[in-house]
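Taking it in order: structure first as structure tokens, then the write-up.
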There are 2 protein chains.
Amino acid sequence: MKHITIKDVAKKLNCSVSTISRAFNDKYDIRKETRDHILETAKEMGYSPNPMAKSLLKQCSNQIGVVVPEFINAFFPEVIIGIQEVFIKKGYQVLIMQSGESQITELENVKTLENNMVDGMIISLSLETKNVDYYKKLIQQGFPLVFFNRVSNELETSKVLIDDYKWAFFATEHLIYQGYKKIFHFSGPEGLMFTQNRKNGFIDAHRKHKLPIENDSIITAGLMINDGEREMEKLINENNIPEAIFAVNDPTAIGAMKMLKKHGYKIPEDVALVGFTESRLAPLIDPPLTSVAQPTKEIGRTAALLLLEQIESKGIFVPQTVILNGRLNIRESSMKLK
Amino acid sequence: MKHITIKDVAKKLNCSVSTISRAFNDKYDIRKETRDHILETAKEMGYSPNPMAKSLLKQCSNQIGVVVPEFINAFFPEVIIGIQEVFIKKGYQVLIMQSGESQITELENVKTLENNMVDGMIISLSLETKNVDYYKKLIQQGFPLVFFNRVSNELETSKVLIDDYKWAFFATEHLIYQGYKKIFHFSGPEGLMFTQNRKNGFIDAHRKHKLPIENDSIITAGLMINDGEREMEKLINENNIPEAIFAVNDPTAIGAMKMLKKHGYKIPEDVALVGFTESRLAPLIDPPLTSVAQPTKEIGRTAALLLLEQIESKGIFVPQTVILNGRLNIRESSMKLK
DNA sequence: AACGTTTCCGAAAACGTTTCCGGAGATATA
DNA sequence: TATATCTCCGGAAACGTTTTCGGAAACGTT
């Protein structure tokens with residue numbers, strides 16, 4: 001159970017600890033033969049430097065922290081894979097914490113990671129976040145921070161996003177091109193930037209094509225399957241069935257689809273559906289769901305690279321916002337069959 | 001950027017660092033008023049003890065490590081949520097690493113965590129793992145280790161499992177009760193214990209009901225969607241269509257389903273399907289897939305509790321194997337319609 | 001021969017904690 | 001009054017590293 005330390009190696013080799021350290025850190029002031037000899041016996045003994053001691057001394061940990069709202073859905077895990085790809089290659093470790101959509105846990109997580117001396121963090125905000133002030137403090141201290149997807153425009157940091165507005169616009173336009181006229185939007189919780197942007201895309205696509213937007217055609221639903229189910233059921237009860245629905249994300253679209261099928265509606269013949277943030281479900285459900293795919297791993301990689309840049313650029317540094325491209329994957333759920 | 005240390009607090013209060021430390025660790029030899037005063041100003045200053053320094057000194061980190069093969073599918077993330085539930089409450093942090101089904105990365109991850117002085121690890125082995133010797137060494141050193149789901153019977157540690165044999169047996173029996181006779185099994189990669197167990201359950205269910213097993217009715221497929229697709233396509237080409245399929249897991253079942261639907265087969269009328277390790281997809285695809293659900297969070301919680309027990313029982317400790325109950329969720333994909 | 005350079009290495013300080021040891025003062029006991 | 005016992009606190013060592021500083025030896029230059 002006892003760990004082998006640098007001292008054990010020094011004792012065994014009858015030399016000082018500093019020499020061992022030099023051997024491991026490839027310093028110039030050590031003879032090559034000594035170095036090789038040290039590395040060899042160190043390996044034999046199973047020694048490897050203790051990262052905590054190193055962190056304590058260097059005041060940085062070679063660790064970065066990631067805080068995400070959840071990893072129930074595929075989105076965040078995939079982003080994390082992209083993040084890890086970059087950092088592991090660079091010899092960093094990635095500590096992952098989830099805040100469960102709670103601002104309190106989110107703040108706790110951030111503080112824990114801070115105490116652990118992570119060299120930077122990549123964060124996607126929880127739904128209700130009101131931790132902006134704390135993040136501002138961190139930013140002011142020069143702590144490297146990168147946000148993705150769920151961001152706040154009050155914070156001046158690097159950000160990675162996709163253009164929600166643009167892709168919501170395209171998705172809506174796609175429905176319009178198919179000839180649908182009575183199109184509804186199932187929207188997310190107010191206050192989230194992406195909710196606003198997707199809604200605006202929906203609206204402006206209508207404007208461009210000079211289609212009127214009914215008063216009740218934008219429905220604040222939520223982000224989960226049961227949100228979609230609930231709102232769809234309401235519409236069915238009111239017998240207010242649209243020709244097509246553009247949903248703020250896949251789960252709400254899927255919820256709506258479930259409810260429609262349950263009541264005997266055919267998709268896309270009776271109602272067409274488009275989702276957002278393509279989930280793994282999209283191509284597998286019946287009918288396959290049209291959705292805007294986000295480049296998840298790419299988001300992770302980009303965020304990681306931005307953070308790395310900031311960490312290494314000790315000091316002057318200009319926050320960047322990178323907007324990645326999505327893709328509209330058109331599938332049966334939105335194809336008007338003639 | 002500079003962290004506030006115990007020394008800063010000591011200087012401000014004109015007392016020694018040891019006193020501050022005592023205040024924070026609630027030692028008996030400090031006057032209550034001094035303690036309260038210290039805690040108050042420390043809070044004001046925004047001080048909190050540096051966990052790395054503490055770890056270095058105490059030779060343990062209050063961190064535990066989790067190594068899983070992947071978190072693409074929902075299974076492992078859900079288990080992790082269960083693990084975190086327990087440990088966060090106890091003041092531990094949970095470091096998560098994924099090995100990507102590679103034994104090499106798995107070993108690296110384990111060593112990284114070891115270097116980071118985690119107090120214990122929870123592991124689910126990668127497909128091809130041959131790291132048994134290394135784990136044996138750790139166990140011999142008394143390092144707390146708990147495995148779940150993907151375990152090795154060569155290792156004497158606590159384990160959390162579900163009874164794959166039993167539930168495969170039930171799942172198969174369910175198909176038999178429905179009246180299906182020509183039942184195939186899409187099996188996982190050889191060498192994995194759960195593959196063997198599920199296969200044996202399949203076989204013994206046939207024995208019990210005195211149903212013959214054809215030579216070619218057990219097919220080694222894999223664990224992914226495309227494995228299911230590939231093997232199903234072969235069967236279709238050979239025109240060797242079973243009445244029902246019990247698949248080693250949901251993705252293979254779903255792959256088979258996709259391919260069957262593509263070729264115009266109706267489910268369950270032409271072919272019935274049953275999966276395993278219920279995925280979030282199961283109830284949503286068309287038709288909904290019958291599958292054995294595993295109590296994912298419960299698995300995580302149980303593993304966490306077992307590990308905690310071992311960590312706290314400094315010394316004597318008897319490894320336990322906990323077998324949790326699954327549940328067969330019967331859905332349309334396996335219901336014989338009369 | 002005297003001096004300056006270079007090459008290599010050891011000693012020691014530092015990172016931020018906790019804890020053991022001892023000591024000062026106060027209180028209780030004889 | 002002298003001694004023993006508490007109560008509370010400071011000093012210093014320790015955890016495992018890296019790095020600065022200085023010094024010894026070897027070499028080159030005049």
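From a predicted model like this one, the values you see are computed outputs, not experimental measurements.
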- Query: At what distance, to the nearest 0.5 angstrom, does CG of B:Asn149 lie from CE of B:Met193?
  - Reply: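 If I round to the nearest 0.5 Å, the distance is 10.5 Å.
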- Find the distance between CD (B:Glu106) and OG (B:Ser126) and round it off to the nearest 0.5 Å.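 Going from the CD atom of B:Glu106 to the OG atom of B:Ser126 covers 4.0 Å.
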Given [options], the nucleotide with the shortest approach to the side chain of [X]:
{"X": "A:Ser21", "options": "C:dT18, D:dT19, C:dG10", "value": "D:dT19"}
{"X": "B:Lys7", "options": "D:dC8, D:dG16, C:dT17", "value": "C:dT17"}
{"X": "A:Arg22", "options": "D:dT20, D:dG16, C:dT18", "value": "D:dT20"}
{"X": "A:Ser18", "options": "C:dC20, D:dT19, C:dT17", "value": "D:dT19"}
{"X": "A:Leu56", "options": "C:dC15, D:dG10, C:dT17", "value": "C:dC15"}
{"X": "B:Ser16", "options": "D:dT18, C:dG10, D:dG10", "value": "D:dG10"}

- Message: For A:Thr19 and A:Ser16, which I'm curious about, is there any donor-acceptor pair between the side chains at under 3.5 Å?
- Response: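 Distance-only check passes for A:Thr19 and A:Ser16.
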How is [X] classified with respect to the nucleic acid when contacts are heavy atoms under 4.0 Å: base, sugar-phosphate, or nothing?
{"X": "B:Tyr47", "answer": "sugar-phosphate"}
{"X": "B:Thr34", "answer": "sugar-phosphate"}
{"X": "B:Asp29", "answer": "base"}

- Task: Determine the minimum heavy-atom distance between B:Met117 and B:Gln59, stating which atoms define it.
- Result: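 Looking at all heavy atoms of both residues, the closest pair is CE-OE1, 3.2 Å.
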Quick one: [X] [atom1] to [N] [atom2], roughly how many Å, whole number?
{"X": "A:Asn14", "N": "C:dA11", "atom1": "CG", "atom2": "C1'", "value": "16 Å"}
{"X": "B:Arg31", "N": "D:dC6", "atom1": "CZ", "atom2": "P", "value": "20 Å"}
{"X": "A:Ile6", "N": "C:dG10", "atom1": "CD1", "atom2": "C1'", "value": "13 Å"}
{"X": "B:Lys58", "N": "D:dG16", "atom1": "NZ", "atom2": "P", "value": "15 Å"}
{"X": "B:Asn25", "N": "C:dC20", "atom1": "CG", "atom2": "P", "value": "12 Å"}
{"X": "A:Lys32", "N": "C:dC9", "atom1": "NZ", "atom2": "C1'", "value": "15 Å"}
{"X": "A:Met52", "N": "C:dT18", "atom1": "CE", "atom2": "P", "value": "14 Å"}
{"X": "B:Leu57", "N": "C:dC20", "atom1": "CG", "atom2": "P", "value": "11 Å"}

- For A:Pro49 and B:Arg35, take the nucleotide of DNA chain D holding the closest heavy atom to each; which residue's nucleotide lies nearer the 5' end?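 Result: B:Arg35.
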- Query: Hey, is the side chain of B:Gln59 poking within less than 4.0 Å of OP1 or OP2 on D:dA14, counting only N and O atoms?
  - Reply: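 For D:dA14, OP1/OP2 do not have a side-chain N/O of B:Gln59 under 4.0 Å.
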- Item | Nucleotide forming a Watson-Crick or wobble pair with C:dA28, both distances under 3.5 Å |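 D:dT3 is the nucleotide pairing with C:dA28.
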- Item | Pair assignment for D:dT29, Watson-Crick or G-U wobble, requiring both distances under 3.5 Å |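 Paired with D:dT29, as far as the under-3.5 Å criterion goes, is C:dA2.
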- Could you say whether A:Ile30 or B:Asn50 is positioned toward the 5' end of DNA chain C, judged by the nucleotide with the nearest heavy atom to each?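 Upstream on the strand: A:Ile30.
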- State plainly whether the residues B:Glu85 and B:Lys297 are in salt-bridge range, i.e. N to O under 4.0 Å.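 A salt bridge is absent here (no side-chain N lies under 4.0 Å from a carboxylate O).
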- Query: So A:Phe148 and A:Phe75, would you call those rings parallel, tilted or perpendicular, with 30° and 60° as cut-offs?
  - Reply: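 Rings of A:Phe148 and A:Phe75: tilted, 30 to 60°.
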